[in-house]
Each structure stands twice: as C-alpha cells, then as structure tokens.
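Here's the structure we're looking at; comments come further down.
From a predicted model like this one, the values you see are computed outputs, not experimental measurements.
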Amino acid sequence: MSVLIATAHGSRDPRSARTVHAVVDRIRLRRPDVDVRVAFLDLTEPHVDRVIDDVALEGADSAVVVPLLLGSAFHARVDLPTMLGAARLRNPGLSLVQADVLGEDQLLVDAVRSRIFDAGVEVDDPDVGVLLAAVGSSDGAANERTRAIARQVLTETRWREAVTCFATVPNSGPAEALRLLHSAGARKIVLAQWFLAPGLLTDRVSAVVDASGFEVVRADVIGAHSSVAEVVSHRYDCALTQIVTADNDHLNR
C-alpha cells in the first residue's frame, strides 16, 4: 500500500490550514484509490515527520510526499529533503520519495484566470490590468519564472496588462506594480493570487493595495480548485514510478 502525503508550508493563520484541508479533500475525491494524508512543514499540525512515522507504523510499504508548494525554493530543495532523509533512517522499511512541487504548471495558471472570472471580470475587457501577487524568493531566477506567469494569465483574454508583485521582495511590491499597470493604461485593477491559501502575506499585499487609492477587484486564492487536485495526482503518479522502478531494480539484482 502506498500513501500520498500532501505537504503544505503551514501558517499561524487558521484560514491557511482550512484551505489546505479543503485542497486535500478535493484530492481525495479525485483519487479514491489512494490513501491521502495532510501534513505541514511548520507552524501547523500534523507535522510531516509525524505523518510519515504514522503511516510506517500502520504498515504502509511506500509513501509519496507531494509538496503543496508553488515554487522550488528552500523548503522544497533543502528543508523537506532533509526531513525525509531523517525519516528514512527512522523507518527503514518504508520506501519514501519526494514528488515535484506544483510549480508553474499551466493548469494552475488557468486556475488563477478562472478565479479572476469568478470575481466578475469579463474576458474581453481591455481596461483590465492584472496585479498578480506572489510570495517572492531570494532566488532571482525563481522570481523571473513567477513574473512570467502574469503574462500567461493574459492568454486568450483582451486584458491590457499583467504584472507580478512580491510580498517579500524589496522594490517589487504591489505599489510599484500598480504604478506600472496604471502607466500601461489599465483602468480596472484586479488583484489575483499566486497563492494556494490565504495568510499573513496575502494580507500584507492587500493592505498596500487598500492604501494605494486604486479601486481594485479581488480574486480568490487558487485554493481547492480542481486543477490543484489534478496536478497533485500527476505529481504523485510520476513519483510513484520511482518507487516501482527502484523495487524492480532491487529484485533483479
């Protein structure tokens, strides 16, 4: 039996955990054939260490940890692999593999556009400017990839412009992005979210937008959109093949 452990960052904001649990419920609906668990890296229970140990005690022979992360930064590249390495030592009978992050998947870009439509924005309105809020990273290349997402959101619309702003990157915040959108001729600003769940950082961006004087339509976070469940399912299936291949290689030695 293999287990899918959907692992989110964690937050002190209870809205974040509620949204993650809703995402995991959506994954379970999509994959009734899989035992799906929820876990967090920090600040929220249950911690991923505990969940891995629990599934091992319950007799699972393998588990795939799918990071519910939109970017491949410290948590995906360093933090989580370190935790999984320690978990393998504690549970030598459990085959444990980390799947790819959700990343800049086109399905998730489409989900952002869908959330904008849900906010009442017309697809053919040329006055619309999209302000895409994201976390931001110390990795400049990662930020450039996130900036490119804003342009993808415009696909198959007549919206005038889209600009990414970052909650944690100096000189790339919402105030600067709003000025760029206004200079481009946008007269209707939409705050879109490259966030899976709401929390302190989405509130930080909203506070700046509120103080800007611009009239802004707010779209929801990606949340429990069906596209998230589809991407997670694909990440799980791809990672599971690594376990199967490793087991076959071991048998053939």
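Atom CG of residue L196 and atom CD1 of residue I222 lie 6.5 Å apart, to the nearest 0.5 angstrom. Interatomic distance, OG of S138 versus CZ of F74, reported as 10.0 Å (0.5 Å rounding). To the nearest 0.5 angstrom, R218 atom CZ is 12.0 Å from I189 atom CD1. In this structure, NE2 in H9 is found 6.0 Å from CG in D42, a value given to the nearest 0.5 Å. In this structure, F195 CZ and D220 CG are separated by 12.5 Å, a value rounded to the nearest 0.5 Å. Distance CD1/I5 to CG/L68: 11.5 Å, rounded to 0.5 Å.
A salt bridge is defined here as a Lys NZ or Arg NE, NH1 or NH2 lying under 4.0 Å from an Asp or Glu carboxylate O, and R90 with D49 meets this definition. The pair R30-D25 fails the salt-bridge criterion, with no side-chain N (NZ, NE, NH1 or NH2) lying under 4.0 Å from an Asp/Glu carboxylate O. Looking at D118 and R115, a side-chain N of the basic residue comes within less than 4.0 Å of a carboxylate O on the acidic one, giving a salt bridge.
Between the H225 side chain and the L108 main chain, no donor and acceptor come within less than 3.5 Å of each other. In terms of modelled atom types and a separation under 3.5 Å, the side chain of T164 and the main chain of T146 share a donor-acceptor contact. The closest donor-acceptor contact from the side chain of S62 to the backbone of S95 lies at 3.5 Å or more, if one exists at all. The closest donor-acceptor contact from the side chain of R15 to the backbone of A197 lies at 3.5 Å or more, if one exists at all. Listed for the Q98 side chain is a donor-acceptor partner under 3.5 Å among the backbone atoms of A76. For R113 (side chain) and Q152 (main-chain N/O), a donor-acceptor pair under 3.5 Å exists by modelled atom type. Between the side chain of N91 and the backbone N or O of A56 there is no donor-acceptor pair closer than 3.5 Å. Panel note: side chain T7, backbone P67; no donor-acceptor pair is recorded below 3.5 Å. Panel note: side chain R204, backbone A167; a donor-acceptor pair is recorded below 3.5 Å. Of the possible polar contacts, none joining the S233 side chain to the A229 backbone as a donor-acceptor pair under 3.5 Å is found.
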Does V190 form a side chain to side chain contact (heavy atoms under 4.5 Å, CB included) with L131? I'd like the steps, not just the answer.
CA-CA 6 Å; V190 181; L131 174 65; over 6 Å; no

I'd like to know whether S183 forms a side chain to side chain contact (heavy atoms under 4.5 Å, CB included) with E161, so could you lay out the CA-CA distance, the side-chain angles of the two residues, the decisive distance to 0.1 Å, and finally the verdict.
CA-CA 10 Å; S183 297; E161 185 59 281; over 6 Å; no

Could you walk me through whether D105 and R235 pass salt bridge (Lys or Arg N to Asp or Glu O under 4.0 Å), step by step?
CA-CA 11 Å; D105 196 288; R235 299 288 185 269; 3.2 Å; yes

Determine, step by step, whether R18 and D13 satisfy the salt bridge (Lys or Arg N to Asp or Glu O under 4.0 Å) criterion, reporting the C-alpha distance in whole Å, the side-chain angles of both residues, the deciding distance to 0.1 Å, and the verdict.
CA-CA 9 Å; R18 286 196 297 269; D13 190 319; 5.7 Å; no

Let's go through S2 and L240 carefully: what are the C-alpha distance in whole Å and the side-chain angles of both, what is the deciding distance for side chain to side chain contact (heavy atoms under 4.5 Å, CB included) to 0.1 Å, and is it a yes or a no?
CA-CA 8 Å; S2 186; L240 191 60; 3.4 Å; yes

Step-by-step salt bridge (Lys or Arg N to Asp or Glu O under 4.0 Å) determination, R26 to E230
CA-CA 9 Å; R26 193 71 180 254; E230 186 172 349; over 6 Å; no

Applying side chain to side chain contact (heavy atoms under 4.5 Å, CB included), run through V205 and F166 and close with a yes or a no.
CA-CA 8 Å; V205 172; F166 299 106; over 6 Å; no

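Residues V209 and V163 share a single hydrophobic cluster, defined by chaining ILVMFWY side chains whose heavy atoms lie under 4.5 Å apart. Tracing side-chain contacts under 4.5 Å through hydrophobic residues (I, L, V, M, F, W, Y), one reaches V3 starting from M83; they form part of the same cluster. No single ILVMFWY cluster, assembled from side-chain heavy atoms under 4.5 Å apart, contains both L200 and L43. Under a hydrophobic clustering in which Ile, Leu, Val, Met, Phe, Trp and Tyr are joined whenever their side-chain heavy atoms come within less than 4.5 Å, directly or via other members, V208 and L201 fall into different clusters. L181 and V130 fall into different hydrophobic clusters, where Ile, Leu, Val, Met, Phe, Trp and Tyr are joined by side-chain heavy atoms under 4.5 Å apart, directly or via other members.
Within 6.0 Å of the CG atom in D124, the count of heavy atoms belonging to other residues, nucleotides or ligands exceeds 12. Summarising the local packing, CD of Q106 is surrounded by more than 12 heavy atoms from other residues, nucleotides or ligands at distances under 6.0 Å.
The shortest heavy-atom contact between A60 and L94 is O-CD1, 3.5 Å. Shortest non-hydrogen contact noted between A239 and V97 is O-CG1, 3.8 Å. The minimum heavy-atom distance between A219 and A119, with the atom names listed, is CA-CB, 4.1 Å. Nearest heavy-atom pair across V169 and G136 is CG2-CA, 3.7 Å. Contact between L69 and V101 at its shortest, heavy atoms only, is O-CB, 3.4 Å. Smallest separation of non-hydrogen atoms from V38 and R28: N-NH2, 4.4 Å.
Partners of D237 by salt bridge (Lys or Arg N to Asp or Glu O under 4.0 Å), not counting sequence neighbours, listed by chain and number: R31. Qualifying ring-ring contact (aromatic ring centres under 6.0 Å, His included) partners for H182, counting only residues two or more places apart in sequence or in other chains: F214.
By the 30° and 60° cut-offs, the orientation of the rings of F40 relative to H21 is tilted.
Of the residues V109, I149, I116, L191, the one that meets the side chain to side chain contact (heavy atoms under 4.5 Å, CB included) test with L132 is I149.
Annotation: side chain of V66 is in contact with side chain of V64 (closest heavy-atom distance under 4.5 Å). Counting heavy atoms from C-beta on, the side chains of L84 and I52 come closer than 4.5 Å.
Screening residues 185-200 for side-chain hydrogen bond (donor to acceptor under 3.5 Å, both in side chains), with sequence neighbours left out, gives D125-K188.
In this structure, a donor-acceptor pair under 3.5 Å is present between the side chains of S72 and R77.
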